[in-house]
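Below is one structure, written out as structure tokens, with a few remarks after it.
Keep in mind that this is a model prediction, so the values were computed, not measured. Reminder, nothing fancy here: chain letters follow the sequence lines and each chain counts from 1.
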Amino acid sequence: MMRNTLIAMDAADRLLNWYDRHHRELPWRVSPPMARNGATPDPYHVWLSEVMLQQTTVQAVKAYFEKFLTLWPTVEDLAAAETEDVMKAWAGLGYYARARNLKKCAEAVARDHGGRFPDREEGLRALPGIGDYTAAALAAIAFNRRSAVLDGNVERVISRLFAIETPLPAAKPEMRALVSDLTPADRPGDFAQAMMDLGATICTPKRPACSLCPFRANCLALATADPETFPRKGVKREKPLRRGAAFVAIDSSNAVYLQKRAETGLLGGMTEVPGTDWTARRDGETSIEAQPFAAPWEPCGAITHIFTHFELRLSVYRANVAHAVTAANGWWEPMASLKAQALPTVMKKAIAQAIPHAFKTG
DNA sequence: AATGCGGGGTA
DNA sequence: TACCCAGCATT
């Protein structure tokens, strides 16, 4: 009977049971025994920690959190602080827009809300630096609201628990709905923190400790696939590297030799300097044999350009040639009117590599 | 939907 | 090295 009772326990209870036994003590937390008695942490503390924890590890945040509370014990103290001092105190934590928004948010809370944070998700979401995640986390943890908290950890847990094949970020609405279904009315803040603790300590990106997981009997990914392959990510296919050479010829009147690309295909109909084909072969950049005409070509470095489907590295060669040397299909364009040509960015980069002042005058 | 934004930890 | 981290704002 006890066994059946345990199996019948729903996922939230199972997770909270695990959390009660394995949660981490953190400076901004109220311990689960206190939380079970209805205690909620100081919203200012929760907000400060959540902003600091955006894309930042718990370990890195601890010292900063303590320092900020010492310098500015209340949100109104922070609102009254000099922005420069806030920036200095934030230094080293990274993502400095967070610090600027932190100050703005404190000012808004002090000025518009009487020094008290809004106690619902929508009100919080309207404040500077508070997005979907932080609004939900603050509402759940500090105000005991049944908000669906979805961060990188929760995305990983949910994607594995339900073996979600939809790649991120498209899967986020689906994941949010599942989290919403799972979130209990009782202890929603602890549930959110438990999900995140689970993702941080058990359901890790690499080599998850599935044998220790409170969801191990329910996890679809564990049952049917390799949990480590979740969450699925958008196919950011690696851009192949292509190489080529570009030849920038300058005549005695300071004109540059240009030609027109084929009308169809990549950069169709645009203007270019002569060059090799762009190939995946490593020797693509050394084909001086592809020079449009004989000249004392000298290498002058390389440029890189990212296209939608590949990355291009062009070795650039430059030569000063006698006036009126020509090749088929091209023309000599005066330096002053280069800017008015239909030169795609990659070609402007190549020309600027050969002639640094090419586009700076005229 | 894609980018830029810091700095540090892990496999 | 590559990926990831209690994401947000902007375009």
Side-chain angles (χ1 to χ4, degrees), chain A residues 15 19 23-30 41 43 45-65 87-105 108 121 124-142 147-160 166-173 175-176 179 183 188-209 226-239 241 306-309:
Chain A
L15 179 65
Y19 184 66
H23 74 277
R24 298 178 289 178
E25 296 285 353
L26 297 173
W28 46 86
R29 276 186 177 168
V30 166
H45 296 186
V46 179
W47 164 71
L48 183 59
S49 68
E50 291 298 345
V51 173
M52 288 181 167
L53 285 162
Q54 291 165 6
Q55 294 300 103
T56 308
T57 55
V58 166
Q59 194 54 40
V61 163
K62 283 182 181 173
Y64 284 87
F65 177 79
M87 300 306 292
K88 286 177 183 171
W90 194 275
L93 203 51
Y95 282 138
Y96 298 97
R98 291 187 296 174
R100 291 188 292 274
N101 284 330
L102 190 80
K103 182 65 165 65
K104 289 181 195 167
C105 185
E121 209 173 327
L124 292 161
R125 182 67 178 79
L127 290 167
I130 296 186
D132 290 339
Y133 162 75
T134 306
L138 203 43
I141 297 169
S147 300
V149 176
L150 187 64
D151 77 328
N153 287 305
V154 180
E155 285 172 4
R156 190 166 54 253
V157 173
I158 290 292
S159 71
R160 290 172 178 174
T166 311
L168 286 171
K172 286 188 75 169
M175 292 180 178
R176 193 180 306 280
V179 174
T183 302
D190 277 353
F191 175 82
Q193 294 179 92
M195 288 287 279
M196 294 188 280
D197 268 18
L198 189 69
T201 63
I202 303 289
C203 198
T204 50
K206 300 291 172 63
R207 299 188 51 175
D226 180 3
E228 195 171 302
T229 64
F230 294 88
R232 308 294 200 214
K233 297 297 180 61
V235 282
K236 45 181 173 185
R237 69 186 68 157
E238 190 176 343
K239 297 180 192 300
L241 175 63
I306 309 291
F307 288 99
T308 308
H309 300 303

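At whole-Å resolution of the value, CG in A:N153 and P in C:dG7 are 7 Å apart. When rounded to the nearest whole Å, the span between CH2 of A:W47 and P of C:dG7 equals 17 Å. If you measure from atom CE of A:M196 to atom P of C:dC4, you get 19 Å, rounded to the nearest angstrom. The distance between atom CD of A:E228 and atom P of C:dA2, rounded to the nearest whole Å, is 18 Å. Separating the CE atom of A:M195 from the P atom of C:dC5 is a distance of 14 Å, rounded to the nearest angstrom. The separation between A:K62 atom NZ and C:dC5 atom C1' is 15 Å, rounded to whole Å. In this entry the distance linking CZ of A:R98 with P of C:dA9 reads 12 Å, nearest Å. Whole-Å rounding puts the A:Q59 CD to C:dC5 C1' distance at 13 Å.
Nearest-nucleotide mapping onto DNA chain B: of A:A170 and A:Y96, the residue sitting toward the 5' end is A:A170. In terms of position along DNA chain C, the nucleotide closest to A:S49 lies nearer the 5' end than the nucleotide closest to the other residue of the pair A:L127 and A:S49.
Distances were taken from every side-chain heavy atom of A:K233 (C-beta onward) to each of C:dC4, C:dA6, B:dA11; the shortest belongs to C:dC4. Among the nucleotides C:dA6, C:dC5, C:dA9, the one closest to any side-chain atom of A:N101 is C:dA9. Among C:dC5, B:dA11, C:dA6, the nucleotide with an atom closest to any side-chain atom of A:T57 is C:dC5. Of the candidates C:dA6, C:dA9, B:dA11, C:dA9 carries the atom nearest the A:R125 side chain, counting heavy atoms from C-beta on. Side-chain proximity of A:Y133 to C:dA9, C:dC4, C:dC8: nearest is C:dC8.
In this structure the side chain of A:L15 reaches within 4.5 angstrom of the side chain of A:L198, judged on heavy atoms.
Among the atoms of the strands shown, none is found under 4.0 Å from any heavy atom of A:W90. When heavy atoms are screened at a 4.0 angstrom cut-off, A:L26 is found touching base atoms of the nucleic acid. Among the atoms of the strands shown, base atoms are found under 4.0 Å from some heavy atom of A:L93. Counting any heavy atom pair closer than 4.0 Å across all strands shown, A:G199 reaches no nucleic acid atom. Using a 4.0 Å heavy-atom distance criterion, A:P169 is classed as making no nucleic acid contact. Residue-level contact check: A:T134 touches the backbone only, with heavy atoms under 4.0 Å from sugar-phosphate atoms and none from bases.
A:S147 and A:E121 are linked by a side-chain donor-acceptor pair at a separation below 3.5 angstrom, with hydrogens and angles left out of the test. Under 3.5 Å, the side chains of A:Q54 and A:Y133 contain no donor-acceptor pair of N or O atoms. A donor and an acceptor atom, one from each side chain of A:R156 and A:N153, are located under 3.5 Å apart. Side-chain N/O atoms of A:R29 and A:S49 include no donor and acceptor closer than 3.5 Å.
Here the separation of C:dC4 from B:dC5, taken at their C1' atoms, is 15 Å to the nearest Å. Comparing B:dA11 with C:dA6, their P atoms are spaced 14 Å from each other, to the whole Å. Nucleotides C:dT10 and B:dG6 are separated by 14 Å at their P atoms, to the nearest Å.
A:F230 carries A:R232 over the face of its six-membered ring, with the cationic atom under 6.0 Å from the centre and within 45° of the normal.
Between A:Q54 and the phosphate of C:dG7, there is no side-chain N or O to OP1/OP2 separation shorter than 4.0 Å. Taking 4.0 angstrom as the limit, A:R156 places a side-chain polar atom (N or O) nearer than this to OP1 or OP2 of C:dC5. For A:Y95, no side-chain nitrogen or oxygen approaches OP1 or OP2 of C:dA9 to under 4.0 Å.
One donor-acceptor pair, N or O on each side, does fall under 3.5 Å between the base of B:dG6 and the side chain of A:T56.
Aromatic rings from A:Y64 and A:W90 are positioned such that their centres are separated by 6.0 Å or more.
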